[in-house]
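Quick notes on the structure that follows.
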There are 2 protein chains.
Amino acid sequence: MGARKQSSTYTSNEKYIVECDLTYAVNKIGGRWKILIISKLEKGKMRFGELKKEFPYITERMLTLQLRALEQDGLVKRTVYAEVPPRVEYELTEMAAAFGPIFQQLSEWGGKHRKLFN
Amino acid sequence: MGARKQSSTYTSNEKYIVECDLTYAVNKIGGRWKILIISKLEKGKMRFGELKKEFPYITERMLTLQLRALEQDGLVKRTVYAEVPPRVEYELTEMAAAFGPIFQQLSEWGGKHRKLFN
DNA sequence: TGGGGTACTAACAAAAGTGTAAGTAATGGG
DNA sequence: CCCATTACTTACACTTTTGTTAGTACCCCA
């Protein structure tokens with residue numbers, strides 16, 4: 001969320017790169033946890049705590065950060081219920097659901113080539 | 001290259017994550033330059049210097065690093081000709097070529113949703 | 001002898017990403 | 001009043017990624 005420094009090549013490269021639809025798309029799902037989270041949410045709505053249980057070592061901080069980023073990018077919808085203790089549910093947007101078949105193919109690619117290579 | 005520290009959760013999370021075929025695949029093409037490089041190479045062999053000209057602000061160091069990583073991962077084949085000045089050519093392997101249709105779809109996703117969202 | 005061309009490499013520095021540890025708000029139940 | 005529960009937030013530290021700058025080897029050609 002912090003303001004971004006405009007220094008040097010780092011930022012201008014970023015601008016150049018984001019012009020590409022392909023890298024734009026990959027950046028949305030980049031990072032350590034996003035695709036895993038999206039995969040879980042493909043099965044339906046989940047609460048924060050449920051998601052947390054799905055990943056043995058993720059910290060609450062990381063989960064929050066990733067979910068916020070996904071929300072910002074329009075991939076996840078967040079619903080807060082005014083209860084105590086709080087209840088928050090996360091679900092995929094249509095935009096994210098459109099990744100489904102692509103993920104499927106990427107996963108197949110991974111499965112096939114991992115064995116050949118490692 | 002450098003030895004990896006085995007400390008803490010950072011590494012164990014990495015291990016956990018790489019178990020997933022999907023994240024395995026995405027990691028291969030993650031980072032700032034890899035997909036751009038692969039895209040260029042889809043058109044055919046290129047020399048180091050030619051690739052460099054394709055990207056206005058990439059540094060030689062970065063290009064080298066990315067090409068080395070792609071080579072390590074079996075996505076790019078590197079051919080050195082014993083000439084002076086040196087000549088080195090890079091081309092995609094079959095494994096990388098298999099990304100073609102997936103990249104196409106990701107790119108379409110990017111094109112479509114970028115406009116809707118930003 | 002000295003420069004030009006190509007594909008690098010090395011040492012360092014900045015930036016982003018990820019993890020650690022502790023704390024917060026709110027309310028119902030004992 | 002105190003504690004448990006849930007979904008966070010904050011301040012800090014570590015690790016990886018990306019960029020900066022300068023230099024290398026090699027041989028040909030003038």
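A, B, ... follow the sequence lines: proteins, then strands. Residue 1 opens every chain. All figures in this text were calculated on a predicted structure; none of them were measured in a lab.
Put simply, A:Gln66 has no side-chain N or O that comes within less than 4.0 Å of OP1 or OP2 on C:dG17. Between B:Asn13 and C:dG19 there is a side-chain N or O to OP1 or OP2 distance below 4.0 Å. Regarding contacts with the backbone of D:dT20, every side-chain N or O of B:Tyr57 stays at 4.0 angstrom or more from both OP1 and OP2.
Of the candidates C:dA7, D:dT18, D:dT6, C:dA7 carries the atom nearest the B:Val88 side chain, counting heavy atoms from C-beta on. Candidate nucleotides D:dT20, C:dT20, C:dC8 were compared by shortest atom distance to the side chain of B:Thr9, and C:dT20 ranks first.
Axis angle between the ends of the helix from C:dT1-D:dA30 to C:dG30-D:dC1, five pairs each and rounded to 10 degrees, works out to 30°.
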Polar pairs (N or O, both sides) under 3.5 Å between protein and nucleotides 9-12 of chain D?
residue	atom	partner	partner atom	Å
D:dT9	OP1	A:Arg68	NH2	3.4

Find every protein N or O atom lying less than 3.5 Å from an N or O atom of nucleotides 28-30 of chain D, and list the pairs.
none

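Here the straight-line distance linking atom CD of A:Glu71 with atom OG1 of A:Thr93 works out to 10.5 Å at 0.5 Å rounding.
Listed by first and then second residue, the side chain to side chain donor-acceptor pair (under 3.5 Å) pairs that reach into residues 35-44 of chain B are B:Lys40-B:Glu54, sequence neighbours excluded.
Interface residues of residues 37-55 of chain A facing DNA chain C, ordered by number: none; criterion, heavy-atom separation under 4.0 Å.
Side-chain atoms of A:Trp109 and B:Asp21, non-hydrogen and from C-beta on, never get closer than 4.5 Å to each other.
Summarising the geometry, the separation between CG on B:Leu63 and P on D:dG19 is reported as 12 Å, rounded to the nearest angstrom.
The residue B:Tyr81 sits apart from the nucleic acid: no heavy atom pair falls under 4.0 Å.
Judged as a side chain to side chain contact (heavy atoms under 4.5 Å, CB included), and not counting sequence neighbours, the contacts of A:Val76 are A:Leu41, A:Leu70, A:Tyr90, A:Leu92.
Checking A:Thr59 against A:Pro86, the closest nucleotide of DNA chain C that is more toward the 5' end is the one next to A:Thr59.
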